[in-house]
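Dropping the structure in here first, questions after.
So you know, we letter chains A, B, ... as the sequences are listed, proteins then strands, and number each from 1.
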Amino acid sequence: MIWFILGFKNLIRRPTRTVLTVLGVAIAIAVLYSLFEFQQGYQSRLKGELGALGAHVMVVPKGCPYEAATIALHGGKWPRYMDESLLDKVKANPGVAEAAGVIMDAVFPPGGQSVIMLGIDEDYMKLRPAWKLRGSWFTSDSSIILGPSVAEDSKLEPGDLWTLPEKNETLRVSAVLGRTNTQDDGFVFMPRRTLQRISGLEGKLVLILIKAMKVDQTDALVASLKADEVDMNVFPLSELLGTISALMASTRVFVSAIILIAIILGGVGVLNTVLMAVFERTREIGMMKAMGGSRSDMFKLVWAETMLTTLLGGLVGVGLAVVSSRLVEAIIRGMIPYAPKGSLIGFSLPTMLFCIGLSLLLGLLAGFYPAFRAASIKPIEAIKTE
Amino acid sequence: MDRDQETKGSRDRVSDLSLGTREPLRCSTGAAEANPAVVARGLTRVYRRGAETIRALKGIDLDIQCGEFVGVVGHSGAGKTTFLNLAGLMDRPTEGRLTVLGHDVGKRGAGFDALRRKNIGFVFQEFYLMPTLTAVENVLLPTMWGRGNGEGRMSNVELKGSKHRAEELLNLVGLGQRMTHKPSELSGGEMQRVAVARALVNSPRLLLADEPTGNLDTLTRDGIFNLLLALNRDSGLTVIVATHDLSLESRFTRVIRLEDGEVKNG
Ligand SMILES: Nc1ncnc2c1ncn2[C@@H]1O[C@H](COP(=O)(O)OP(=O)(O)OP(=O)(O)O)[C@@H](O)[C@H]1O
Ligand SMILES: [Mg+2]
């Protein structure tokens with residue numbers, strides 16, 4: 001106890017220096033806490049976002065996959081079709097959580113707006129967890145759901161009738177989709193059988209959207225689907241997945257490097273300050289030895305003082321990080337190419353304890369050499385009058 | 001005079017400090033008077049600084065008995081501090097024999113820390129008080145260290161005891177009203193009184209004072225000197241004082257004169 005009491009009194013003795021040293025550690029710990037939390041928040045948010053994205057893998061008929069993907073995402077006439085029986089095969093794959101078969105067609109009335117139609121069933125809804133319908137799901141074969149942009153242009157509301165240009169079909173709007181800010185906003189959705197009938201494509205699909213069991217095993221799923229069926233093109237729905245995975249891996253390295261540097265800098269700062277304090281107090285330490293203090297007493301004294309400093313730094317640092325989390329988050333967001341929405345730096349007890357534990361460890365390490373120096377001071381040399 | 005009053009007061013109380021429950025401050029509990037506290041035979045201390053060697057003590061022989069009040073005098077550089085450091089187990093002889101309180105002090109070897117802590121008190125010219133601690137905390141400091149070698153941890157009762165004792169000692173040296181003052185709030189004489197109290201807190205059997213009055217004016221000097229004298233006379237504490245203040249010589253029970261590392265006594 002005496003070591004902590006004396007150590008504490010020494011800290012108050014030079015308030016400016018103590019504050020600066022503590023601040024140095026605090027900043028390192030704050031950086032550590034922020035990045036650590038960010039990393040964790042980033043990963044869990046990203047997972048959530050990928051989950052919300054719905055589909056991870058797309059299956060299309062053979063052909064140029066990127067052309068196919070572009071058409072799939074932006075709509076258009078589909079050059080090729082695949083058999084509906086493929087859907088059951090895909091669903092049977094153990095890596096597949098959900099799969100929805102989609103048929104797509106478009107009409108281009110002369111002088112009018114083109115209309116892109118998607119034939120879907122309930123499976124498609126499962127891939128669109130964010131969908132909000134104003135109205136109800138298809139009530140009959142002749143029900144349609146309008147994307148919000150289409151509904152706005154045509155000024156149609158649920159219950160209204162809609163006539164498909166060029167084809168002599170009148171369908172009833174059962175719901176208007178809430179805005180999703182995706183290509184879905186511009187589509188007209190109808191039951192798959194209905195669109196197959198209208199387009200004369202019975203038993204055909206243009207694409208299958210797949211949600212994987214595990215997001216991070218998407219690549220394995222793609223490989224296994226490819227092995228299942230040679231006549232399909234299977235690819236991750238978006239390059240985003242790969243890009244984000246790579247990003248996550250590279251940020252991990254980057255973050256670790258920053259943390260390491262911050263901690264080393266903090267540690268060297270503490271070491272320097274404590275060593276300076278030991279040199280300054282050579283006489284005092286010599287005197288304490290002459291007054292019965294042992295080597296180990298002096299060692300513990302300096303060690304305790306160092307650990308108090310870094311512990312204080314740890315506490316202040318965590319506090320600092322929590323208080324400034326909004327700002328730090330904004331800065332980090334500005335630096336990385338893709339960040340999920342939502343708060344990334346939170347208040348997590350395990351991370352706090354880890355940071356505080358680390359600050360103690362830092363004190364333990366940084367204090368060792370100065371403590372050793374203090375223990376080695378010889379009283380007669382230290383207290384010799386000049 | 002104020003200071004005289006203070007000194008007289010302290011003197012009266014010194015006898016009380018024969019310390020009821022504690023062991024007396026005497027060098028040895030044995031009755032025999034001829035009981036050596038420090039014995040030196042051919043005691044030599046050579047300092048080496050690069051190629052240069054300085055023979056600070058050149059094989060001195062001397063005996064200091066328990067209960068003596070000895071002055072070690074001599075010019076600057078005569079070897080007074082060197083001798084006190086050796087007698088105080090803070091330094092090791094280069095050659096010769098040295099026995100302190102019955103323990104042989106060799107050229108090297110550890111294990112004198114506990115002995116020093118338990119048996120020897122120091123007072124220095126520069127008081128070396130901890131600036132962060134109050135007077136009473138400074139006095140307590142030597143009792144606070146982790147005590148190795150099976151001395152065990154201090155119990156609460158013991159802790160209370162030492163606190164009480166520290167206050168008692170501060171009263172003894174006439175600083176009853178300055179218990180919670182920091183060194184910066186004390187005069188030089190008062191600081192030295194605190195240092196004396198601190199040197200006594202572990203009930204030493206030997207008190208070593210190196211120029212204890214060197215930084216003090218004449219009046220204050222007498223106060224401190226009288227305090228040491230009273231400690232010796234009333235409690236039988238063995239006191240060795242190094243000084244080059246000739247005016248104090250007559251007041252020691254014995255004077256050891258050092259000159260250039262040798263004893264020059266009649
Ligand atoms: N650590 C050391 N290294 C080298 N020489 C030393 C050391 N300590 C003391 N000396 C030398 O030893 C001699 C005796 O020194 P010492 O300090 O014992 O003298 P002193 O009698 O106490 O003098 P003063 O009255 O000035 O305190 C001096 O010549 C001094 O320079
Ligand atoms: Mg000296």
The test is side chain to side chain contact (heavy atoms under 4.5 Å, CB included); show your working for A:Met276 and A:Arg17 and say whether it passes. CA-CA 11 Å; A:Met276 228 160 75; A:Arg17 181 197 288 179; 3.7 Å; yes
Show your reasoning for whether side-chain hydrogen bond (donor to acceptor under 3.5 Å, both in side chains) applies to A:Asp297 and A:Ser294. CA-CA 5 Å; A:Asp297 285 324; A:Ser294 64; 3.1 Å; yes
If we ignore hydrogens and angles and just use 3.5 Å, is the side chain of B:Glu137 paired with the main-chain N or O of B:Met179 as donor and acceptor?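 Checking the backbone N and O of B:Met179 against the side chain of B:Glu137, no donor-acceptor pair under 3.5 Å is found.
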Which atoms of B:Phe122 come close to chain A, meaning under 4.5 Å heavy atom to heavy atom: side chain ones, backbone ones, both, or neither?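 The answer is both parts of B:Phe122.
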Can you tell which part of A:Met291 gets under 4.5 Å to a heavy atom of chain B, answering side chain, backbone, both or neither?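 Backbone plus side chain of A:Met291, per the 4.5 Å heavy-atom cut-off to chain B.
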Taking ring pair (Phe, Tyr, Trp, His ring centres under 6.0 Å) as the criterion, tell me which of A:Phe372, A:Tyr369, A:Phe368 meets it with A:Phe299.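 Exactly one candidate clears the test, A:Phe368.
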Between B:Glu211 and chain A, with a heavy-atom cut-off of 4.5 Å, which part of the residue counts as in contact: side chain, backbone, both or neither?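 Contact with chain A is absent: no heavy atom of B:Glu211 under 4.5 Å.
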